[in-house]
Number of protein chains: 2
Amino acid sequence: MPHRDRVEQTLTIGAVAERTGLAPSAIRFYEEKGLVRAARAASGHRQFDRATIRRLSFILIAQQLGYRLDEIKAQLDTLPGDAAPTVADWERLSVHFADDLDERIRRLTELRERLTGCIGCGCLSLEVCRLYNPDDAAARHGTGPRYLMGDRPDPQR
Amino acid sequence: MPHRDRVEQTLTIGAVAERTGLAPSAIRFYEEKGLVRAARAASGHRQFDRATIRRLSFILIAQQLGYRLDEIKAQLDTLPGDAAPTVADWERLSVHFADDLDERIRRLTELRERLTGCIGCGCLSLEVCRLYNPDDAAARHGTGPRYLMGDRPDPQR
DNA sequence: CCTTGACTTCAACCTTACTTGAGGTCGTAC
DNA sequence: GTACGACCTCAAGTAAGGTTGAAGTCAAGG
């Protein structure tokens, strides 16, 4: 089977991997978790819809923002399952991102101000210092091998 | 042994846990990893220095900022091991935080701007969209049980 | 005396997000 | 006809950051 499908209707996992920069194993993992779907060829090979690229892009961006896969799945599940998502659908999710970003920027700025107030005061202690803010739950970031998130060892592919 | 030590020179692990909000197991884990140190009583019990509270506060704040324990350890290792760290020592580390925060705020703001530009354009795809920025390696956050970072199930202790 | 509470160690387990490897299939190319 | 590359499944491994449980020690109180 050629790497670039003859009819560009569906994509093989290799083609999707190439376009997104993800490892095929990661894409299979996402399918298993229900974040993306794939039809199957008679051979058993996965056949991805072109819209899958967009879903995977969304996943990557959301991960970058610190969402866990189950949270991302919840977001994706609000997309219409039957038809291809419209621009308005993606816009809705993007606006959610934007709000989240605003909130995160606000929080970091606040922390920055607290830090400025604390530098040099020697109060670095939970008993008296407001620097530690455990409510920053939105700032969670993923775990696992990080070279899928920007510092992969092999820059090509 | 009473929970609150009669001579307030050293602290038991329970007292440190109470003051920091950390679980004793976490504190032992940090000791094992070399992030904090403890003398031992004849009984084998750990005896913590009061400065340990400050180290642990630092650890919590740094975790909140997304540093991994080994990175935090590297920072803490620049503190003088012999004498108690001075205000200037802590200030040095805090300034590092501040710089990091500035950088993170800058990056998020940039992402926010890219997002605004992308909302509605329907370009959410890695092939054409600049929204995905894999260089945000500083935004890594820890893993593990999150209820130590703000959403612990039991609000009292 | 013996129970209680706080501590000790050590090994095993947990979660998230994947990767890696073994073993097998498929279709085209030489 | 057989080698090659791309795909398949399934089980096991990895990393971080701890938690949990078992089994034992120690000092004080009743």
Side-chain angles (χ1 to χ4, degrees), chain A residues 1-6 10-18 21-35 38-48 56 59-60 62-64 66-73 140-149 152-154 157, chain B residues 1-6 10-18 20-36 38-48 56 59-60 62-64 66-73 140-149 152-154 157:
Chain A
M1 181 173 294
H3 202 130
R4 177 164 292 263
D5 326 70
R6 44 171 66 121
T10 67
L11 300 165
T12 66
I13 197 168
V16 173
E18 197 177 296
L22 285 165
S25 60
I27 300 172
R28 287 190 198 103
F29 180 74
Y30 293 155
E31 190 202 10
E32 191 186 326
K33 291 273 173 183
L35 282 99
R40 295 304 179 113
S43 59
H45 289 195
R46 287 172 181 80
Q47 295 176 316
F48 291 97
L56 289 172
I59 294 170
L60 287 168
Q63 278 193 315
Q64 201 188 176
Y67 292 101
R68 276 171 298 134
L69 290 187
D70 56 355
E71 294 167 334
I72 298 172
K73 175 169 160 46
R140 280 171 303 201
H141 269 256
T143 172
R146 304 317 295 175
Y147 59 80
L148 278 180
M149 291 222 356
R152 69 184 58 200
D154 179 1
R157 185 204 166 48
Chain B
M1 180 172 295
H3 202 130
R4 177 165 292 264
D5 324 73
R6 44 174 62 119
T10 66
L11 299 165
T12 65
I13 197 168
V16 173
E18 197 176 295
T20 57
L22 285 165
S25 61
I27 300 172
R28 288 190 196 101
F29 181 75
Y30 292 155
E31 190 201 10
E32 191 186 325
K33 291 274 173 180
L35 282 99
V36 297
R40 295 303 179 116
S43 59
H45 290 193
R46 287 172 181 79
Q47 295 177 316
F48 291 97
L56 290 171
I59 293 170
L60 287 168
Q63 277 194 316
Q64 199 188 180
Y67 291 102
R68 278 172 296 131
L69 290 186
D70 57 354
E71 293 167 334
I72 298 173
K73 176 168 159 46
R140 280 172 302 202
H141 270 256
T143 173
R146 303 319 293 176
Y147 61 81
L148 279 181
M149 290 221 358
R152 68 183 57 200
D154 179 3
R157 188 206 160 58

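What's counted below: heavy atoms across the whole structure, side chains too, no hydrogens, waters or symmetry copies.
Between atom CG of residue B:Leu22 and atom CZ of residue B:Phe29 there is a gap of 12.0 Å, rounded to the nearest 0.5 Å. The distance from atom CD1 of A:Ile59 to atom OH of A:Tyr67, rounded to the nearest 0.5 Å, is 14.0 Å.
The separation between B:Phe29 atom CZ and C:dT9 atom P is 15 Å, rounded to whole Å. Summarising the geometry, the separation between CD on A:Glu32 and C1' on D:dT9 is reported as 10 Å, rounded to the nearest angstrom. Per the geometry, CD belonging to A:Glu71 stands 16 Å off P belonging to C:dT15, to the nearest Å. Taking atom CD1 of B:Ile13 as the reference point, atom C1' of D:dT25 lies 16 Å away to the nearest angstrom. Following rounding to the nearest Å, A:Gln47 (CD) and D:dC7 (P) show an atom-to-atom distance of 12 Å. In this structure, B:Phe48 places its CZ atom 14 Å from C1' of C:dA6, rounding to the nearest Å. Counting to the nearest Å, the P atom of C:dA17 and the CG atom of A:Leu56 are 15 Å from each other. Here D:dC7 presents its C1' atom at 13 Å from CD1 of A:Ile27, a figure rounded to the nearest Å.
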Hey, what are the protein-to-nucleotides 10-12 of chain C N/O distances that come in under 3.5 Å?
none

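Comparing D:dG18, D:dA16, C:dT9 by their closest approach to the side chain of B:Arg68 singles out D:dA16. Closest to the side chain of A:His45, from the set D:dT19, C:dT19, D:dC8, is D:dC8. Among the nucleotides D:dC26, D:dT19, C:dT19, the one closest to any side-chain atom of B:Ala26 is D:dT19. Closest to the side chain of B:Gln63, out of D:dG17, C:dC18, C:dT19, is D:dG17. For A:Arg40, taking side-chain heavy atoms from C-beta onward, the closest of the listed nucleotides D:dC8, D:dG18, C:dT8 is D:dC8. Here the side chain of B:Ser25 is nearest to one of C:dA17, D:dT20, C:dT19, namely D:dT20. Comparing C:dC18, D:dT9, D:dG17 by their closest approach to the side chain of A:Arg46 singles out D:dT9.
The phosphate of D:dG18 (OP1 or OP2) has a side-chain N or O of B:Tyr30 nearer than 4.0 angstrom. Phosphate contact (OP1/OP2 of C:dC7, side-chain N/O of B:Thr12, threshold under 4.0 Å): present.
Contact record, B:Leu69 with B:Leu35: O-CD2, 3.9 Å, taken as the closest heavy-atom pair.
Salt bridge status for A:Glu31 with A:Arg40: present, with a side-chain N to carboxylate O gap under 4.0 Å. Of the charged side-chain nitrogens involved, at least one lies within less than 4.0 Å of a carboxylate oxygen, so that B:Arg68 and B:Glu71 count as a salt-bridged pair.
B:Phe48 is linked by a side-chain contact (heavy atoms from CB on, under 4.5 Å) to B:Leu11, B:Ile13, B:Val16, B:Ile27, B:Val36, B:Ala38, B:Arg46, B:Thr52, counting only residues two or more places apart in sequence or in another chain. Partners of A:Gln47 under the side chain to side chain donor-acceptor pair (under 3.5 Å) rule, at least two apart in sequence or in another chain, do not exist in this structure.
Note on the helix from C:dC1-D:dG30 to C:dC30-D:dG1: terminal axis deviation equals 40°, with five pairs used at each end and the result rounded to 10°.
Side chains of A:Gln63 and A:Ile72 form a contact here, defined as non-hydrogen atoms less than 4.5 Å apart.
Using a 4.0 Å heavy-atom cutoff across all strands shown, B:Arg28 reaches at least one base atom of the nucleic acid.
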